[in-house]
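Here the structure comes first, spelled out in structure tokens, and everything after it is commentary.
Positions are given from 1, in the same order as the sequence printed here.
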Amino acid sequence: VIFGTASNLEEDILIRICETETQVYKLGNFLTHVDIVSQRLANYAAKYCNSDNFINLKLCVRELLINAMEHGNLGISFEEKTESLANGTYIKMLIERQKDPTISNRKITLEYSLSKEKFEATITDEGNGFDYQKMLARSMNDNNNQILDHGRGIALAKMYLDKLIYNEKGNSVYML
């Protein structure tokens, strides 16, 4: 399955003239929302960083937004995602959860601030939270990470970001 959209690339002139920016986004539980917002944030940050940092920032924001969507708002457990990816039913499960009236209206809040000195953001979902201590303790070299098609987002963010701090409940993460 391939997801994507094609469109003409138009330069956003505001990128060149923006010095600092603070925004708040309320995202629905859709991969397209995650992709659009993570691309936009990375584009604005690109003028302050090299290409490696641009790619890493975009990847980290995208992975943490996907975590908020899947595991937070849609309540998909790590085990459920592993099984659905293995048997090819991930998209079906995602769509079913997006339609579930008890959770379909949940939003992801992304608050971020960008300046020449720093990029910082907080991502908060409306889910029940999770045991972030357990996931923070994992490393990119864990055998499970090598085998699975997922489960590396937090480890990547920990590796590439200066700070990654979760609230006690585990449904909000601050990154710097």
Side-chain angles (χ1 to χ4, degrees), residues 22-31 33-35 37-42 45 49 52-87 89-91 93-94 96-98 100 102-115 117-176:
T22 301
Q23 295 280 332
V24 177
Y25 291 96
K26 293 279 190 178
L27 288 74
N29 296 300
F30 302 99
L31 290 171
H33 292 185
V34 168
D35 286 337
V37 169
S38 58
Q39 182 67 49
R40 186 199 182 278
L41 268 58
C49 60
D52 285 343
N53 287 341
F54 163 82
I55 291 167
N56 294 339
L57 176 64
K58 181 180 174 188
L59 176 66
C60 291
V61 169
R62 185 179 187 282
E63 289 294 324
L64 294 173
L65 284 170
I66 287 174
N67 285 350
M69 179 188 74
E70 291 176 341
H71 306 303
N73 285 350
L74 299 179
I76 298 171
S77 72
F78 185 86
E79 294 74 21
E80 287 173 314
K81 184 172 180 180
T82 301
E83 184 179 324
S84 68
L85 286 170
N87 64 27
T89 60
Y90 169 75
I91 297 302
M93 179 182 60
L94 194 63
E96 286 172 4
R97 298 285 175 102
Q98 290 168 334
D100 181 336
T102 61
I103 59 175
S104 62
N105 290 325
R106 291 179 177 175
K107 300 288 184 205
I108 302 163
T109 302
L110 168 66
E111 302 171 73
Y112 87 95
S113 178
L114 171 69
S115 69
E117 293 78 31
K118 66 182 175 180
F119 169 86
E120 61 184 332
T122 301
I123 296 171
T124 306
D125 63 63
E126 296 178 1
N128 297 325
F130 76 110
D131 183 0
Y132 64 90
Q133 300 282 3
K134 179 180 171 184
M135 295 306 288
L136 284 172
R138 293 177 72 196
S139 114
M140 284 297 294
N141 297 325
D142 284 354
N143 288 336
N144 288 340
N145 285 339
Q146 304 295 325
I147 298 167
L148 298 175
D149 290 335
H150 71 104
R152 295 181 288 262
I154 293 174
L156 285 169
K158 196 169 77 171
M159 185 168 42
Y160 293 129
L161 299 172
D162 292 328
K163 284 188 182 179
L164 189 68
I165 302 169
Y166 282 87
N167 69 351
E168 187 175 329
K169 182 178 178 181
N171 73 326
S172 184
V173 62
Y174 167 82
M175 68 185 86
L176 177 67

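Between N167 and Y132, the shortest heavy-atom distance links the atoms O-CE2, 3.2 Å. Scanning all heavy atoms of the two residues, the minimum distance from A157 to L64 falls at CB-CD1, 4.0 Å. N73 and G127 make their closest contact through OD1-N, 3.5 Å (heavy atoms, listed as atom of the first residue, atom of the second, distance). Closest of all the heavy-atom pairs between L114 and A45 is CD2-N, 3.8 Å. The two residues F54 and Q39 make their nearest non-hydrogen contact at CZ-NE2, 4.0 Å. Here the shortest heavy-atom pairing between F130 and G170 reads CD2-O, 3.0 Å.
A distance-only check finds a donor-acceptor pair linking the side chain of Q98 to the backbone of N29 [under 3.5 Å]. Not a single donor-acceptor pair under 3.5 Å links the side chain of N171 to the backbone N or O of E126.
Taking CG from L94 and CD from E70, the interatomic distance works out to 6.5 Å, rounded to the nearest 0.5 Å. The CD1 atom of I66 sits 5.5 Å away from the CG atom of L31 when rounded to the nearest 0.5 Å. Rounding to the nearest 0.5 Å gives a distance of 10.0 Å between CG of L110 and CZ of R40. The line from OG1 of T124 to NZ of K26 is 8.5 Å long, rounded to the nearest 0.5 Å. Note: K107 NZ to H33 NE2 = 7.5 Å, rounded to the nearest 0.5 Å. Taking CG of N53 as the reference point, atom CZ of F119 lies at 12.5 Å (rounded to 0.5 Å).
Residues L164 and L136 form a side-chain contact, since some pair of their non-hydrogen atoms from C-beta on lies under 4.5 Å apart. With a 4.5 Å cut-off on side-chain heavy atoms, H71 and K81 count as touching. For the pair M159/L156, a side-chain contact is recorded, criterion being any heavy-atom separation below 4.5 Å from C-beta on. Under the 4.5 Å side-chain criterion, counting only non-hydrogen atoms from C-beta, D35 is in contact with R62. In this structure the side chain of E96 never reaches within 4.5 angstrom of the side chain of D100, judged on heavy atoms. Between L74 and M93 the shortest side-chain heavy-atom distance does not fall below 4.5 Å.
Of the N and O atoms on the side chains of N56 and D52, not one donor lies less than 3.5 Å from an acceptor on the other residue.
With respect to Y174, the side-chain hydrogen bond (donor to acceptor under 3.5 Å, both in side chains) criterion is satisfied by exactly one of K163, E120, E111: E120.
Annotation: K169, atom NZ; neighbour count of heavy atoms from other residues, nucleotides and ligands within 6.0 Å is above 12.
Between Y112 and Y25, the ring planes lie parallel to each other; the angle is under 30°, not in the 30° to 60° tilted range.
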